[in-house]
*Asks:* 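Here it is, the structure in full.
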Amino acid sequence: MNINLEIQNNVDLLEFSDEHFIIFTRLFFFIMMKRTKVKELFSSPQLGSDVLVKGWVRTKRGNKNIVFIALNDGSTINNIQVVADTSLFDENLIKDITTGASLAVTGKLVSSQGQGQNIEINASAIELYGKCDAVAYPLQKKGHSMEFLRENAHLRFRTNTFGAVFRIRHSMAFAIHKYFNDKGFFYLHTPIITGSDAEGAGEMFHVTAMDMMKLPYNDDGTVDFSNDFFGKQTNLTVSGQLEGELGALALGEIYTFGPTFRAENSNTPRHLAEFWMIEPEMAFYDITDNMDLAEDFVKYLIRYAFENCREDLEFLNKMIDNGLLERLKFVLENKFVRITYTEAIDILTGSSKEWEYPVKWGNDLQAEHERYLVEVYFRKPVIITDYPREIKAFYMKQNDDGKTVKAMDVLFPGIGEIIGGSQREEIYDKLLSRIRELKLPDKDLWWYLETRKFGTAPHSGFGLGFERFVLFITGMSNIRDVIPFPRTPKNAEF
RNA sequence: UCCUCAGUAGCUCAGUUGGUUAGAGCAACGGACUGUUAAUCCGUGGGUCGCCGGUUCGAGUCCAGCCUGGGGAGCCA
């Protein structure tokens with residue numbers, strides 16, 4: 001208030017013209033005002049007050065006398081409409097306000113005269129931060145294909161769809177930490193560079209500091225890693241599970257949430273070479289506790305999205321996938337079906353459907369089988385347990401029947417396997433014999449085996465592919481569109 | 001990696017049994033319009049037909065190879 005009076009006095013003293021006063025006032029606003037985020041404008045609008053907003057132009061419409069600018073600052077999917085009386089602004093400034101340009105706008109927040117929005121800003125000052133050449137700028141004020149936007153991944157954040165997707169992605173990451181923290185789990189950082197190649201979860205990327213043009217070789221023709229950075233062959237992790245188990249068998253309940261790398265030549269809308277995975281691991285949990293946790297966890301995340309990402313979800317439901325909200329609600333409200341692998345085989349052999357891959361006890365379930373169970377037979381998420389030991393990993397707890405293991409796969413409509421987990425084999429002799437049976441290098445797994453030697457305990461865990469979950473929660477159909485910069489075979493752009 | 005479809009203007013696509021100067025909508029640009037909602041109306045410019053060979057008098061169109069992308073499958077999260 002004092003400042004205002006002083007300024008008024010100065011103006012009187014210097015006999016500023018009206019024009020000077022207007023310029024001065026504009027400068028004053030830019031210097032003194034605090035920026036308001038668009039999200040806040042909509043959530044608690046102070047009608048009649050002067051506000052300062054900053055953002056990027058989505059569209060500009062209008063005529064000689066008045067222009068309407070839809071401004072978005074990323075805080076929400078909603079744009080704030082800026083109304084500018086052209087007589088108040090330089091003609092070149094108005095001309096430079098094009099789709100993609102970055103602006104700071106001050107003006108009065110008022111209720112809108114037009115249809116389509118409740119509030120708008122009557123601009124009194126506009127500062128252009130960054131022009132955007134309309135000819136060169138790839139994004140237009142029209143729909144673009146996902147393929148085109150993927151090639152422009154550096155700019156696609158500026159679209160409604162990708163804004164919504166990445167806001168939701170953030171919320172889900174945050175909710176995951178919140179869920180586990182509230183339950184007393186500890187976030188454990190398992191290594192990204194690993195010296196163990198026994199994880200058996202797929203092809204690995206090698207990590208080396210050696211000069212690839214001058215590799216040292218052993219007499220037998222293999223590469224000599226003894227002088228490499230770690231003194232041995234190292235890779236990027238394909239899973240944090242084994243290390244996670246070590247943490248769980250002391251801290252009780254832990255989870256990992258980190259990047260995971262698979263050098264598989266997988267070219268599908270569900271695979272990435274670099275993705276993020278959540279792997280909880282719990283001491284004293286049996287397979288049933290494990291299933292209960294997985295179901296509760298997923299439902300918590302859906303509920304969190306409904307409560308915190310409503311507008312983005314509604315946008316995606318309208319523009320990307322009309323069945324999204326209904327499907328999320330359906331998964332939230334229905335108990336997941338729990339059947340054993342053997343029961344699943346009985347259902348599949350009992351159906352009259354013709355299978356491309358034969359259904360036979362002992363064979364792994366194919367995509368067509370899983371889809372039938374989830375999308376046709378039960379029409380809800382299905383958890384399948386007790387798979388034949390031959391088709392599952394060495395660390396899974398062996399059942400007394402000698403044929404099956406306490407594995408669990410959670411199958412979702414449209415996505416397929418979203419969670420894979422198991423109760424872990426905690427009996428030293430059984431684990432070791434299985435490792436030897438599969439001819440895995442038990443020498444490299446000495447640390448894993450020691451947890452079974454010293455105070456072993458029943459425990460369980462599972463892995464959730466973060467991007468697969470984001471796929472499910474956003475209704476997007478290609479996994480490359482739910483991670484900012486996808487890494488896939490033949491693509492590491494940006 | 002396998003099967004399959006596609007690649008033509010900035011974007012989305014059309015382009016006939018191989019034929020003369022390759023089209024449309026949108027976008028952009030110029031103009032009109034006193035409150036627009038992917039504004040509207042009139043006009044203008046814009047092309048290495050993915051790349052490299054081959055067949056042919058003649059190839060966007062046919063053939064071979066390669067590259068890139070979509071969908072499906074496998075592997076998996």
Side-chain angles (χ1 to χ4, degrees), chain A residues 58-70 78-79 81-87 95 98-100 110 112-117 120 122 132-152 159-160 199-203 237-241 256-257 259-279 294 319 356-357 364-371 391-393 409-412 415-421 462-472 477-483 488-491 493:
Chain A
R58 284 295 170 77
T59 65
K60 185 181 74 171
R61 297 176 290 269
N63 54 48
K64 210 159 41 183
N65 307 294
I66 188 166
V67 295
F68 301 91
I69 302 156
N78 299 306
N79 303 325
Q81 172 156 284
V82 173
V83 186
D85 182 338
T86 54
S87 65
K95 205 168 251 182
T98 56
T99 299
V110 296
S112 179
Q113 297 173 33
Q115 305 291 307
Q117 61 281 317
E120 63 190 20
N122 275 332
C132 188
D133 180 1
V135 177
Y137 189 51
L139 302 184
Q140 303 166 359
K141 49 182 179 183
K142 56 170 267 188
H144 289 292
S145 69
M146 290 297 157
E147 293 80 21
F148 175 76
L149 291 171
R150 212 170 291 149
E151 285 166 12
N152 291 280
T159 63
N160 286 332
E199 286 158 349
E203 292 296 313
T237 182
V238 291
S239 164
Q241 181 202 315
T256 74
F257 186 176
T260 310
F261 307 88
R262 307 258 169 105
E264 299 285 353
N265 192 9
S266 300
N267 293 286
T268 84
R270 297 179 305 283
H271 287 86
L272 291 165
E274 176 184 288
F275 63 99
W276 290 67
M277 188 154 64
I278 299 105
E279 294 177 293
M319 303 301 288
E356 193 187 332
Y357 292 86
D364 206 354
L365 298 177
Q366 300 297 311
E368 57 169 340
H369 307 140
E370 296 181 348
R371 292 186 73 127
I391 60 173
K392 288 292 181 184
D409 283 2
V410 182
L411 310 179
F412 265 28
I415 315 276
E417 185 186 334
I418 195 161
I419 285 176
F462 62 81
L464 170 75
F466 184 52
E467 284 76 16
R468 288 210 180 154
F469 185 78
V470 178
L471 220 44
F472 165 74
S477 50
N478 192 314
I479 202 162
R480 295 157 201 209
D481 299 329
V482 297
I483 188 166
T488 52
K490 302 275 180 290
N491 177 31
E493 193 64 46

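Not measured: the values here are computed from a predicted model. Note on naming: letters A, B, ... go to the chains in the order of the sequence lines (proteins, then strands), and numbering restarts at 1 for each one. Only heavy atoms go into these numbers, but all of them, side chains included; no hydrogens, no water, no symmetry mates.
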*Asks:* For the P atoms, the ones on B/rA14 and on B/rA24, what distance do you get once it is rounded to whole angstrom?
*Replies:* 16 Å

*Asks:* Compare the minimum distances between each of B/rG10, B/rA73, B/rU34 and the side chain of A/Gln140, then state the nucleotide with the smallest one.
*Replies:* B/rG10

*Asks:* Taking atom C1' in both B/rG60 and B/rG7, what distance in whole Å separates the two?
*Replies:*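 Approximately 11 Å lies between the C1' atom of B/rG60 and that of B/rG7.
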
*Asks:* Remember a base hit wins even if backbone is also touched, and classify A/Thr59 as base, sugar-phosphate or nothing at under 4.0 Å, heavy atoms.
*Replies:*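 Sugar-phosphate contact only - A/Thr59 comes under 4.0 Å of backbone atoms but never of a base.
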
*Asks:* Whole angstroms only, please: what is the CG-C1' distance between A/Asn267 and B/rC67?
*Replies:*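 To the nearest whole Å, that distance equals 14 Å.
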
*Asks:* Using atom C1' of each nucleotide, how far apart are B/rU40 and B/rC26 to the nearest Å?
*Replies:*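 Going atom to atom, C1' in each nucleotide, I get 15 Å.
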
*Asks:* Heavy atoms from C-beta onward define the side chain here; which of B/rU36, B/rC11, B/rG74 lies closest to that of A/Phe68?
*Replies:* B/rU36

*Asks:* Using purine N1 to pyrimidine N3 plus N6-O4 or O6-N4 for Watson-Crick, or N1-O2 and O6-N3 for G-U wobble, each under 3.5 Å, what pairs with B/rA6?
*Replies:*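 Here B/rA6 is engaged in a pair, and the nucleotide opposite it is B/rU68.
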
*Asks:* Looking only at the side chain of A/Asn63 (C-beta and beyond, no hydrogens), which of the listed nucleotides B/rG35, B/rG69, B/rA77 gets closest?
*Replies:*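 Out of B/rG35, B/rG69, B/rA77, the nucleotide with an atom closest to A/Asn63's side chain is B/rG35.
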
*Asks:* NA contact type, A/Glu151, heavy-atom cut-off 4.0 Å: base, sugar-phosphate, or nothing?
*Replies:* nothing

*Asks:* Hey, does the side chain of A/Ser145 come within less than 4.0 Å of B/rU12's phosphate (OP1/OP2), counting only N and O?
*Replies:*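 The answer is yes; a side-chain N or O of A/Ser145 sits under 4.0 Å from OP1 or OP2.
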
*Asks:* Using a heavy-atom cut-off of 4.0 Å across all strands, would you classify A/Tyr357 as base, sugar-phosphate, or nothing?
*Replies:* sugar-phosphate

*Asks:* Testing the 3.5 Å rule here: is there a donor-acceptor pair between the side chains of A/Thr260 and A/Arg262?
*Replies:* no

*Asks:* Determine which nucleotide pairs with B/rA24, using a 3.5 Å limit on both distances of a Watson-Crick or G-U wobble pair.
*Replies:* B/rU12

*Asks:* May I ask which nucleotide in the shown strands pairs with B/rA73, Watson-Crick or G-U wobble, both distances under 3.5 Å?
*Replies:* B/rU1

*Asks:* Once you apply a heavy-atom cut-off of 4.0 Å, does A/Arg480 come out as touching a base, just sugar-phosphate, or nothing?
*Replies:* sugar-phosphate

*Asks:* Just checking A/Glu274: base, sugar-phosphate only, or nothing, at a heavy-atom cut-off of under 4.0 Å?
*Replies:*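 Nothing, no nucleic acid heavy atom in range.
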
*Asks:* Looking only at non-hydrogen atoms, find the nearest pair between A/Leu139 and A/Thr99 and report the distance.
*Replies:* O-CG2, 4.3 Å

*Asks:* Do A/Glu120 side-chain and B/rU37 base share a donor-acceptor contact under 3.5 Å?
*Replies:*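 Flag unset: no donor-acceptor pair detected.
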
*Asks:* Please state the C1' separation for the pair B/rG47 and B/rG23 - nearest whole angstrom.
*Replies:*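 One C1' to the other, the span is 11 Å.
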
*Asks:* Rounded to whole angstroms, how far apart are CZ on A/Phe148 and P on B/rA6?
*Replies:* 22 Å

*Asks:* Report yes if a side-chain nitrogen or oxygen of A/Arg61 is closer than 4.0 Å to either non-bridging phosphate oxygen (OP1 or OP2) of B/rU36; otherwise report no.
*Replies:* no

*Asks:* Is B/rG43 paired to anything, Watson-Crick or G-U wobble with both distances less than 3.5 Å, and if yes, which nucleotide?
*Replies:* B/rC29

*Asks:* Taking any heavy-atom pair under 4.0 Å as a contact, classify A/His144: base, sugar-phosphate, or nothing.
*Replies:*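 It contacts sugar-phosphate atoms only.
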
*Asks:* Without decimals, in angstroms, what is the distance between A/Phe261 CZ and B/rC75 P?
*Replies:*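 So the two atoms are 24 Å apart, to the nearest Å.
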
*Asks:* To the nearest Å, how far apart are A/Asn265 CG and B/rC3 P?
*Replies:*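 Going from CG in A/Asn265 over to P in B/rC3 covers 14 Å.
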
*Asks:* Between B/rA38 and B/rG43, how far apart are the two P atoms, rounded to whole Å?
*Replies:*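 24 Å, rounded to whole Å.
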
*Asks:* So, does the side chain of A/Ser266 form a donor-acceptor pair with the base of B/rC75 at under 3.5 Å?
*Replies:* yes

*Asks:* Just the rounded figure in Å: distance from P of B/rU37 to NZ of A/Lys60.
*Replies:*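 About 16 Å, once rounded to whole Å.
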
*Asks:* Quick one: are A/Ile418 and A/Leu411 in side-chain contact, heavy atoms under 4.5 Å?
*Replies:* no

*Asks:* Could you check how far CG of A/Leu139 sits from C1' of B/rU12, rounded to whole Å?
*Replies:*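 After rounding, the reported distance stands at 15 Å.
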
*Asks:* Assign A/Pro269 to base, sugar-phosphate, or nothing according to its heavy-atom contacts below 4.0 angstrom with the strands shown.
*Replies:* sugar-phosphate

*Asks:* Heavy atoms only, 4.0 Å cut-off, all strands: where does A/Gln115 land among base, sugar-phosphate and nothing?
*Replies:* base

*Asks:* Using the P atom as the reference point in each nucleotide, state the distance between B/rA77 and B/rC63 in Å, no decimals.
*Replies:*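 42 Å, rounded to whole Å.
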
*Asks:* Does A/Ile418 reach a base, just sugar-phosphate, or nothing at all? Heavy atoms under 4.0 Å.
*Replies:* sugar-phosphate

*Asks:* Using a 4.0 Å heavy-atom cut-off across all strands, classify A/Thr260 as base, sugar-phosphate, or nothing.
*Replies:*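 Result for A/Thr260 = nothing.
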
*Asks:* Just how far, in rounded Å, is P of B/rG70 from CG of A/Leu149?
*Replies:* 13 Å

*Asks:* Using a heavy-atom cut-off of 4.0 Å across all strands, would you classify A/Phe275 as base, sugar-phosphate, or nothing?
*Replies:*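 A/Phe275: base contact, heavy atoms under 4.0 Å.
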
*Asks:* Using the P atoms only, state how far B/rU61 lies from B/rU17, rounded to an integer number of Å.
*Replies:* 15 Å

*Asks:* Under 3.5 Å for both donor-acceptor distances, Watson-Crick or wobble: does B/rU61 have a partner, and if so which one?
*Replies:* none

*Asks:* Would you indicate, yes or no, if B/rG70 has its OP1 or OP2 atom less than 4.0 angstrom from a side-chain nitrogen or oxygen of A/Arg150?
*Replies:* yes

*Asks:* A/Gln366 has an atom CD; how far is it from atom P of B/rC76, in whole Å?
*Replies:*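 Answer to the nearest Å: 10 Å.
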
*Asks:* Using a heavy-atom cut-off of under 4.0 Å over every strand shown, decide if A/Ala136 touches base, sugar-phosphate, or nothing.
*Replies:* nothing

*Asks:* Starting the side chain at C-beta, find the nucleotide from B/rU37, B/rA77, B/rG69 nearest to A/Glu147.
*Replies:*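 Nearest nucleotide to the side chain: B/rG69.
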
*Asks:* Out of B/rG71, B/rU34, B/rG74, which nucleotide sits closest to the side chain of A/Asn65?
*Replies:* B/rU34

*Asks:* Checking contacts here: which listed nucleotide (B/rG70, B/rU12, B/rG10) is nearest the side-chain heavy atoms of A/Asn478?
*Replies:*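 Of the options given, the side chain of A/Asn478 lies nearest B/rG70.
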
*Asks:* Between A/Phe261 and A/Val238, what is the shortest heavy-atom contact and its length?
*Replies:* O-CG1, 3.1 Å

*Asks:* So what does A/Glu417 hit on the nucleic acid, given a heavy-atom distance under 4.0 Å: a base, only sugar-phosphate, or nothing?
*Replies:* sugar-phosphate

*Asks:* Check for a donor-acceptor pair, side chain of A/Gln117 on one end and backbone N or O of A/Gln115 on the other, with a separation under 3.5 Å.
*Replies:* yes

*Asks:* Hey, which of these two, A/Thr488 or A/Thr268, hits RNA chain B nearer its 5' end, going by closest nucleotide?
*Replies:* A/Thr488

*Asks:* If the C1' atom of B/rG35 is compared with that of B/rU44, how far apart are they to the nearest Å?
*Replies:* 29 Å

*Asks:* Please classify the nucleic acid contact of A/Gln81 as base, sugar-phosphate, or nothing, using heavy-atom distances under 4.0 Å.
*Replies:* base

*Asks:* Drop me the distance from A/Asp481's CG to A/Arg150's CZ, to the nearest 0.5 angstrom.
*Replies:*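 Going from the CG atom of A/Asp481 to the CZ atom of A/Arg150 covers 4.0 Å.
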
*Asks:* Could you check whether A/Phe275 and A/Phe466 have their ring centres less than 6.0 Å apart?
*Replies:*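 Judged by ring-centre distance (under 6.0 Å), A/Phe466 and A/Phe275 do not meet the cut-off.
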
*Asks:* Indicate yes or no for a side-chain donor-acceptor contact from A/Glu279 to the backbone of A/Gly240 under 3.5 Å, with no hydrogens or angles considered.
*Replies:*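 Checked: pair present.
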
